[in-house]
Amino acid sequence: MTEPDSTFDSAAELLGRITEQLGTQLGHVHPYGRRPRKHDEEARPPMNVPTLVPPAAARAATAPTLVAVGHGSRDPRARATLTRLLDRVRELRPGLDVRLAHIELNAPLLDDTLAGLAAEGRDAVLVPLLFAPGHHVTHDLPAALAAAPGLRARVAEPLGAHPLLVEALADRLAEAGWSPADGTSPATGVVLASAGSRDPRSGAEIRRIATLLGERLGGVPVLPAYASAAAPTVPEAVRALAARGRHRVAVASCFTAPGLFATRAAAHAPWIAADPLGAHPALARLVLHRYDRIRTRLPARELAAI
């Protein structure tokens with residue numbers, strides 16, 4: 001009888017050792033690949049977790065306010081046109097604070113806009129909706145900033161000679177009836193009408209725009225002309241082209257919005273006249289381009305009026 005009992009005891013002892021080993025191994029197995037955290041790991045961030053980047057709209061909300069500065073006009077269409085342009089700018093840069101201001105004639109006036117931004121503690125970049133350096137860009141805008149000493153702001157370059165501007169000018173001419181064949185015709189020419197300035201830098205910039213537009217149109221001659229303060233006038237430029245055998249003359253409108261100067265320039269067109277640039281998509285992109293260039297030039301903490 002002792003042998004069966006001994007056998008049973010040996011089997012029970014073996015089964016106990018197997019159970020103990022299985023229990024030890026199963027203690028290291030964790031469902032779904034998880035393991036218990038140690039106490040010192042609770043406050044420790046997980047390793048190799050990518051840093052979350054704020055969405056573009058959130059970054060735009062903390063960027064300096066873009067103040068688009070128009071001249072102002074008694075034509076009621078002008079303010080509405082610039083409002084549509086800035087709506088397009090906002091579509092391109094969601095979350096960016098974009099405001100319209102005028103040097104004169106229309107509300108909101110620039111001084112009031114800058115005072116409001118200073119009271120809000122905002123930084124700002126002023127983007128002139130003008131095409132060349134002149135009195136407004138070199139004097140009026142810096143003077144407005146000087147009158148708002150609590151505001152950290154910069155003045156961007158005017159829209160100027162840029163491929164985006166040329167794209168908008170060419171598109172407006174095409175809408176008026178210009179065709180690719182007109183660019184190679186010996187009978188066609190273009191007058192680039194703009195406001196005009198006594199500042200020689202302004203005339204040089206408009207001439208550069210005229211050169212770029214001529215190249216874009218296929219080599220057609222493009223003569224700059226001015227509504228005030230400079231020569232030639234639009235009628236004089238039309239006659240100059242006619243003297244060269246260019247009797248089919250189009251007038252390109254180097255104006256952001258309808259107004260007295262744009263209307264007068266169009267009235268002198270012997271053939272077709274383009275509309276002001278208005279809310280053209282390329283012009284909206286150019287506004288943001290000018291904003292970005294000056295905004296990124298210095299760290300945000302070093303904003304200063306220039």
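Throughout, residue positions are numbered sequentially from 1 according to the sequence presented.
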When rounded to the nearest 0.5 angstrom, what distance separates [atom1] in [X] from [atom2] in [Y]?
{"X": "L277", "Y": "L85", "atom1": "CG", "atom2": "CG", "answer": "9.5 Å"}
{"X": "S194", "Y": "I206", "atom1": "OG", "atom2": "CD1", "answer": "4.0 Å"}
{"X": "T188", "Y": "W178", "atom1": "OG1", "atom2": "CH2", "answer": "4.0 Å"}
{"X": "I294", "Y": "E157", "atom1": "CD1", "atom2": "CD", "answer": "7.0 Å"}
{"X": "L117", "Y": "R99", "atom1": "CG", "atom2": "CZ", "answer": "4.5 Å"}
{"X": "T263", "Y": "H268", "atom1": "OG1", "atom2": "NE2", "answer": "11.0 Å"}

Residue pair [X] / [Y]: nearest heavy atoms and the distance that separates them:
{"X": "A78", "Y": "P258", "answer": "CB-O, 3.3 Å"}
{"X": "P133", "Y": "T138", "answer": "CB-CG2, 4.4 Å"}
{"X": "L213", "Y": "L169", "answer": "CD1-CB, 4.1 Å"}
{"X": "V191", "Y": "L241", "answer": "CG2-CD1, 3.8 Å"}
{"X": "I272", "Y": "A176", "answer": "CG2-O, 3.6 Å"}
{"X": "G72", "Y": "L105", "answer": "O-CD1, 3.7 Å"}

Taking NE2 in H135 as the centre, count heavy atoms belonging to other residues, nucleotides or ligands within less than 6.0 Å. Is the count above 12?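 Atom NE2 in H135 is crowded, with more than 12 foreign heavy atoms closer than 6.0 Å.
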
Test side chain to side chain contact (heavy atoms under 4.5 Å, CB included) on R290 and H162; report intermediate values, then the result. CA-CA 10 Å; R290 294 301 184 207; H162 190 278; 4.0 Å; yes

If you define the side chain from C-beta out and look only at heavy atoms, does anything of [X] sit under 4.5 Å from [Y]?
{"X": "R79", "Y": "P108", "value": "yes"}
{"X": "Y291", "Y": "P64", "value": "yes"}
{"X": "L110", "Y": "L126", "value": "yes"}
{"X": "I209", "Y": "L165", "value": "yes"}
{"X": "V137", "Y": "D199", "value": "no"}
{"X": "V287", "Y": "L66", "value": "yes"}
{"X": "V127", "Y": "L288", "value": "no"}
{"X": "V69", "Y": "L129", "value": "no"}

Residues two or more places apart in sequence or in another chain: which of them pass side chain to side chain donor-acceptor pair (under 3.5 Å) with T65? D97, R122

Quick test of your reading: applying side chain to side chain donor-acceptor pair (under 3.5 Å), list the pairs with at least one residue in residues 203-232, sequence neighbours left out, ordered by first then second residue. E205-R208

Give every residue pair that meets the side chain to side chain donor-acceptor pair (under 3.5 Å) criterion with at least one member in residues 237-249, sequence neighbours excluded. D182-R248

With distance as the sole test, does R154 use its side chain to make a donor-acceptor pair with the main-chain N or O of R295 at under 3.5 Å?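 It does hold such a pair.
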
For the backbone of A153 and the side chain of D123, can you confirm whether one donor and one acceptor N or O come within less than 3.5 Å of each other? no

Walk me through whether T256 and L82 qualify under side chain to side chain contact (heavy atoms under 4.5 Å, CB included). CA-CA 8 Å; T256 53; L82 296 186; 3.9 Å; yes

Between L283 and L164, is the side chain to side chain contact (heavy atoms under 4.5 Å, CB included) condition met? List the steps. CA-CA 7 Å; L283 193 64; L164 287 171; over 6 Å; no

Do [X] and [Y] land in one hydrophobic cluster if side-chain heavy atoms of ILVMFWY residues count as linked below 4.5 Å?
{"X": "L217", "Y": "V251", "answer": "no"}
{"X": "L159", "Y": "V98", "answer": "yes"}
{"X": "L286", "Y": "L212", "answer": "yes"}
{"X": "I103", "Y": "L114", "answer": "yes"}

Between H280 and D171, is there a side-chain donor-acceptor contact under 3.5 Å, judged purely by atom types and distance? yes

Could you check whether D87 pairs with R90 (Lys NZ or Arg NE/NH1/NH2 to Asp/Glu carboxylate O, under 4.0 Å)? yes

In plain terms, say whether R172 and D275 are close enough for a salt bridge, that is, a side-chain N and a carboxylate O under 4.0 Å apart.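 Salt bridge flag = no for D275 with R172.
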
Proximity of H71 and H102 rings by center, below 6.0 Å: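 Aromatic pair excluded; centres sit 6.0 Å or further apart.
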
Evaluate side chain to side chain contact (heavy atoms under 4.5 Å, CB included) for W271 paired with V249, printing each intermediate quantity in order. CA-CA 6 Å; W271 176 34; V249 177; 5.5 Å; no

Taking it one step at a time, do D292 and R285 satisfy salt bridge (Lys or Arg N to Asp or Glu O under 4.0 Å)? CA-CA 10 Å; D292 287 334; R285 287 156 54 203; over 6 Å; no

